[in-house]
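Within every chain, numbering begins at 1; the chains are lettered A, B, ... in the order of the sequence lines, protein sequences first and strands thereafter.
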Amino acid sequence: MGEIPQDIDPLSQDFYEQPTLELAKALLGCLLVKETEQGLAAGYIVETEAYIGPSDRAAHSYNNRRTARTEVMFQLSGLAYTYLMHTHCLFNVVSGGEEKPEAVLVRAIEPLYGIEVMKSRRGLDDLKSLTNGPGKLTKSLGITMEDYGSSLTLPPLYIANGIFPDSISVGKRIGIDNAGEAKDYPWRFWITDNKFVSRHQKAEFVIRSNKNPF
DNA sequence: AGCAAGATTAGCT
DNA sequence: GCTAATCTTGCTA
């Protein structure tokens, strides 16, 4: 198992200033890291979804709905938006800039560091099902509502450079059937063929890496 | 104060 | 594939 490097550099603020759909793709392959007393746990982001209020019916910030829960979506890009779904905590990256309530949901990661801690938090030994869903990865990494509003440019919760995906698949977002016309927007992104993706779905289209050898 | 809905998950058929 | 679990949020009264 890979040793944890001494320092993993958080990406800086300007990374989060790109348009939300670009950020959702740029996050793929990046390392999501959480440091706690139990140690460092991290994994590559392999699946994301964009939520672009106020016009996106699937977004919590639809119609500029501004409540205690959505408040952070109206703040600076690069903050953490965590919220509870049934019994689970889900993690988003705030984007769009101030007064533009947009965010990217992280739906799955590929475990890299701190795998024993993750297994222990999940009470599970199977690597494949450890972090292949938005509620699973937060539990594995120890992301909770205490992380609401914290900046991702600093520990304990941050994002760093990782790998560059060869291919990105694009499809409809998951679990938003009541969102009217927004349910069909192609705003879900995943690393093609990655086995830690939360659900299999036919891609509407595929984006190949610009590092094409030919 | 009451209530319906929810960006999910685990377990069972 | 289907359903229960479980509880907070936000809306209505």
- [ ] Report, as yes or no, whether the 6.0 Å neighbourhood of atom CD on A:Glu146 holds more than 12 heavy atoms from other residues, nucleotides or ligands.
- [x] no
Task: Selection: residues 64-76 of chain A, any non-hydrogen atom under 4.0 Å of DNA chain B - done: none
Task: Segment of DNA chain B, first to last nucleotide, that comes within the 4.0 Å heavy-atom reach of chain A - done: B:dG6 to B:dA10
- [ ] Report the C-alpha separation of A:Leu152 and A:Val93 in whole Å, then their side-chain angles, then the decisive distance to 0.1 Å, and conclude whether the side chain to side chain contact (heavy atoms under 4.5 Å, CB included) test is met.
- [x] CA-CA 8 Å; A:Leu152 299 172; A:Val93 178; 3.8 Å; yes
Task: Under the side-chain contact (heavy atoms from CB on, under 4.5 Å) test, residues paired with A:Lys195 that sit two or more places apart - done: none
Open item on the list: A quick test of your reading: do over 12 heavy atoms of other residues, nucleotides or ligands sit less than 6.0 Å from CG of A:Asp126?
Closed with: yes
TODO: Check the pair A:Tyr16, A:Val94 against side chain to side chain contact (heavy atoms under 4.5 Å, CB included), reporting the backbone distance first and the verdict last.
DONE: CA-CA 8 Å; A:Tyr16 299 98; A:Val94 171; over 6 Å; no
TODO: Please identify each residue that fulfils side-chain contact (heavy atoms from CB on, under 4.5 Å) with A:Asp7, with sequence neighbours left out.
DONE: none
- [ ] Report the residue (A:Arg122 or A:Phe91) whose heavy-atom-nearest nucleotide on DNA chain B is the more 5′ of the two.
- [x] A:Phe91
- [ ] List for me each residue that meets salt bridge (Lys or Arg N to Asp or Glu O under 4.0 Å) alongside A:Lys172, sequence neighbours excluded, and say none if there are none.
- [x] A:Asp184
Open item on the list: Regarding A:Leu105, tell me which of base, sugar-phosphate or nothing describes its non-hydrogen contacts under 4.0 Å with the strands shown.
Closed with: base
TODO: Begin from the C-alpha positions of A:Tyr158 and A:Ile8 and carry the test side chain to side chain contact (heavy atoms under 4.5 Å, CB included) through to its verdict.
DONE: CA-CA 10 Å; A:Tyr158 56 97; A:Ile8 304 174; 4.1 Å; yes
Open item on the list: Tell me if a side-chain donor or acceptor on A:Arg122 pairs with a main-chain N or O of A:Ser129 at a distance below 3.5 Å.
Closed with: yes
Open item on the list: Counting the atoms with a prime plus P, OP1 and OP2 as sugar-phosphate, which does A:Arg57 contact under 4.0 Å by heavy atoms, base, sugar-phosphate, or nothing?
Closed with: nothing
Open item on the list: Pick the closest DNA chain C nucleotide for A:Met145 and for A:His86 by heavy atoms, then say which residue is nearer the 5' end.
Closed with: A:His86
TODO: Applying salt bridge (Lys or Arg N to Asp or Glu O under 4.0 Å), name anything that partners A:Lys183, two or more places apart in sequence or on another chain.
DONE: none
Task: salt bridge (Lys or Arg N to Asp or Glu O under 4.0 Å) involving A:Glu22 - partner list, sequence neighbours excluded - done: A:Lys25
Open item on the list: If only side-chain N and O atoms count, and only distance matters, is there a donor-acceptor pair under 3.5 Å linking A:Asn132 with A:Lys136?
Closed with: yes
- [ ] Report yes or no: is the cationic atom of A:Arg173 (NZ for Lys, CZ for Arg) closer than 6.0 Å to the six-membered ring centre of A:Tyr51, at no more than 45° off its axis?
- [x] yes
Task: Paired and unpaired positions of DNA chain C as dot-bracket, Watson-Crick or G-U wobble under 3.5 Å, | denoting a partner strand - done: |||||.||||||.
Task: By salt bridge (Lys or Arg N to Asp or Glu O under 4.0 Å) - contacts of A:Glu47 (at least two apart) - done: A:Arg107, A:Arg188
- [ ] Walking along DNA chain C from 5' to 3', note the first and the last nucleotide with an atom under 4.0 Å from a heavy atom of chain A, and give both.
- [x] C:dA5 to C:dC11
Open item on the list: Need one value for A:Asn178: base, sugar-phosphate or nothing, where a base atom within 4.0 Å counts as base even if backbone is also close, heavy atoms only.
Closed with: sugar-phosphate
Open item on the list: Main chain of A:Ala203, side chain of A:Ser169: is a donor-acceptor contact present, judged purely on distance under 3.5 Å?
Closed with: no
- [ ] Identify whether any heavy atom of A:Arg173 sits under 4.0 Å from a base atom; if not, whether one sits that close to sugar-phosphate; answer base, sugar-phosphate or nothing.
- [x] nothing
Task: Proximity to DNA chain B (any heavy atom under 4.0 Å), residues of residues 18-28 of chain A only - done: none
Open item on the list: Checking A:Thr144 now: which residues fulfil side chain to side chain donor-acceptor pair (under 3.5 Å) with it, not counting sequence neighbours?
Closed with: none
